[in-house]
Every structure is written in C-alpha cells, then in structure tokens.
Amino acid sequence: MRIKFALGALAVLMAAGTVQAQDFKPRIVRFGYGLVDDSNQGRAVRLFAKEVEKATGGKMRVRAIGNASLGSDTQMQQALIGGAQEMMVGSTATLVGIAPQMALWDTPFLINNTREADALLDGPVGDKVRATLEPKGIVGLVYWENGFRNLTNNKHPVTKLEDMNGIKLRVMQNNVFLDSFKALGANAVPLPFSELFTALETKAVDGQENPFNTVVSSKFYEVQKYLTITNHVYSPWMVSVSKKWWDGLSKDEQKVLLDAAKTARDFERKDTRDEATKALADLKAKGMQVNELSAAEAGRMRDKLTQVNATVASNVGLDLWKQTQDELVKIRAAK
Ligand code: TK8
C-alpha cells in the first residue's frame, strides 16, 4: 500500500518534469544541416537531439545529419515542404526564394552587434518574418546565429573598395547578396555552400564571405590567403520544420521541439560567440593574412549599397522596413 502510494507520487513528480513517454508515437526526426559535424551548427543540432530525447523519454529520436548529406540548403527546404525530411537548420538567405520577407536579414550593415541581433530576431520583427514561412509549408521555430560575415579571397588583400574589382566571389543563392557584391565591383557567382570548398580549391572562384567560425570549421584557411574583416551583414540561421510533418504532431510534441530549439539556441549563440573571439588568432596562426577594413572604406562601400537597401525595403514591404528601423531605434536606446 505504502510502496504503491510512493510509486504513484513518484510518477506524478516525473510527469511534471517531462512529458509522459506514452503521449508520443515513436518518431525518427531527420535533422539536416550544411556544415561539418565539428562546427557550431553540428554542436547545436546534437544538443537539440539530446534535449528532445530526454524530454520524450526516447520516443522521439533526432538524427543529426551534417555535411549537406541530405542536400544543399535549398534542396532540404524542398524536402521539408514535400514532407520527405522533418527538420533542418540553414541560412535565412537561402529561404528568400520561398519567403521574400526573409531578405530583410540580408540588408547590409542592418545590425551592429549581437545585442541588437538577439533583440530584433527574438522580438516582434523576427516573429513576423518567421511567420511568413508557414503558408509556404515550413514552420520556422527560432533563429540561431550564423554570425557577422567577413570576406576571404585568394587574389589580394582587400583594403579599399576598388580591391573588390575582378574578384570572382561566391555568394549564397540570394539576389540581395548577388546585387550587393556586384554593386561593390566583384564578379559575384551564386553557389550552394555544399560546393564551395571544391570551388575554392579548384580556383573556380577566388573568394567567399562567411563568419570566422565557418572559415575555421570548413577549413577555408587551407584554400584562402586573405581575410578582410568587413562585418558586412549579420547572418541568422533558421531552425525549420516540415509543416506537413509538424501538423501531425501532438501539441506536447510540438512544445518539446520548440523548447529544445530554444535551449539549443541559447547554447549555440554562446558557443558561436566564444568561438568567434578565438577564431581570428587561429586563422592568423594557420597563415591567413588578416586586415580590417578602415571606417572610411567601409563608408564608401555602404554608399555603393544604398540602392540595394532601397530594393530590400520595397521587396519586404515598406511597413516591415519601417517597423524594423523603429525597433532598432528602440533597441539602441534601451541600453
Ligand atoms: C550552411 C550555410 C552557411 C551559409 C552559406 O548550410 O551558405 O554561406 O553561411 O551557413 O547556410
């Protein structure tokens, strides 16, 4: 009698902490991503997997599948829409073909620091942009950090605007990036990330732009000599779910995924920032020649991009554009 009662009380206690396993059908979640396993992306997906398994008592199993083994970002997005794959994480920039408002995050020099990034992405503007995915067949859960993007190339150091001339530069499959780098004078070529290392190695392209973390994890330092600190745009990642699959989950299951994505987000942002602060020294030690763009030259680049900003504003809608600017003013004032 006593033992029975104690066991009952224990079960109630356990049920309060985790969702009961029998509420969940056994499920396999294929979670794809483009970077290597040993990257900020890979580490966060594995943490997400652990959180989900813990919360469901192992009834949901997340398979972390990196290296673009399930396809490039755009291929995985189509698999999510079709229901052939459950989850992925990748750059918001490659989602613009599906949800045009995502182009907001491609605006050069929109966000100045990580405090602004977190407040904007996790606030009403971020929510509004994220919500535009759902009618297209993708549920965006949360934003993770890709980071501030910097330029690498194999031709010469980029110290001034004119140095962009003649650099064959890989950009993401996204018109804002294409137009931005064309406006700066580079020969911009859109390529999926999964083809980038080989393109650099075979000199099909001279350069690329990505956060320090990715230059480290993808070993771009092996095939790139010059790194210019430009911080030209803050790049988010979107944790995405197939809506077809999501709609078949219970409310409890959906909550488990959302909570785990948030826990992994907090871990991932910290991990990414810690790694980024060490990456520069790492890359120098590996032989990269690093220079920081002067404020004057950054200003000249910004001037060249005025038209790109105007195009983004009209593509995402002037209301959203204005809300973003207002929100940034608020964030900057609230120190
Ligand atoms: C990884 C990509 C990558 C992005 C790119 O799948 O393509 O350059 O920065 O992070 O989403």
For E51 and A264, indicate whether the former's side chain and the latter's backbone hold a donor-acceptor pair under 3.5 Å. no

Please check: side-chain N/O of T324 versus main-chain N/O of L320, any donor-acceptor pairing under 3.5 Å? yes

Regarding D259 and K255, does a basic nitrogen lie under 4.0 Å from an acidic carboxylate oxygen? yes

Among K251, K243, K244, the one residue meeting salt bridge (Lys or Arg N to Asp or Glu O under 4.0 Å) with D247: K243

Inspect the contact between E268 and R265 and indicate whether a charged nitrogen and a carboxylate oxygen are less than 4.0 angstrom apart. no

Residue among V96, L120, N146, V176 satisfying side chain to side chain contact (heavy atoms under 4.5 Å, CB included) with W105: L120

Is there a donor-acceptor contact under 3.5 Å from the side chain of R170 to the main chain of L196? no

Polar side-chain atom of D163 near backbone of K160 as donor-acceptor pair, under 3.5 Å: yes

What I want to check is whether the side chains of Q208 and N210 have a donor and an acceptor closer together than 3.5 Å. yes

So CG of N213 and NZ of K278: to nearest 0.5 Å the spacing works out to 10.5 Å

Side chain of S39, backbone of L35: donor and acceptor closer than 3.5 Å? no

Treating S242 as the side-chain partner and W245 as the backbone partner, does any N or O pair qualify as donor plus acceptor under 3.5 Å? yes

Side-chain hydrophobic cluster, 4.5 Å single linkage: members besides L47: F267

Should the pair R115-D122 be classified as a salt bridge under the 4.0 Å nitrogen-to-oxygen rule? no

What's the spacing between L95 CG and D73 CG if we round to 0.5 Å? 8.0 Å

Look at the side chain of T94 and the backbone N and O of S91, then say whether any donor-acceptor pair between them is shorter than 3.5 Å. yes

What's the spacing between T228 OG1 and E292 CD if we round to 0.5 Å? 10.5 Å

What distance do N165 atom CG and H156 atom NE2 have between them, rounded to the nearest 0.5 Å? 8.0 Å

Counting only N and O atoms by type, is there a donor-acceptor contact under 3.5 Å from the side chain of T198 to the main-chain atoms of E195? no

Under the side chain to side chain contact (heavy atoms under 4.5 Å, CB included) test against V125, which residue among R130, Q101, Q323 passes? Q323

Under 3.5 Å, is there a donor-acceptor pair between the side chain of E116 and the main chain of I111? no

In terms of relative ring orientation, are F31 and W144 parallel, tilted or perpendicular, with 30° and 60° separating the classes? parallel

Output the distance between atom CG (N291) and atom OH (Y226), rounded to the nearest 0.5 Å. 10.5 Å

To the nearest 0.5 Å, how far apart are CG in L151 and CG in L169? 6.0 Å

Test item: K136 side-chain N/O and I98 main-chain N/O as donor-acceptor pair under 3.5 Å: yes

Can you name the residues that form a ring-ring contact (aromatic ring centres under 6.0 Å, His included) with F177, not counting sequence neighbours? none

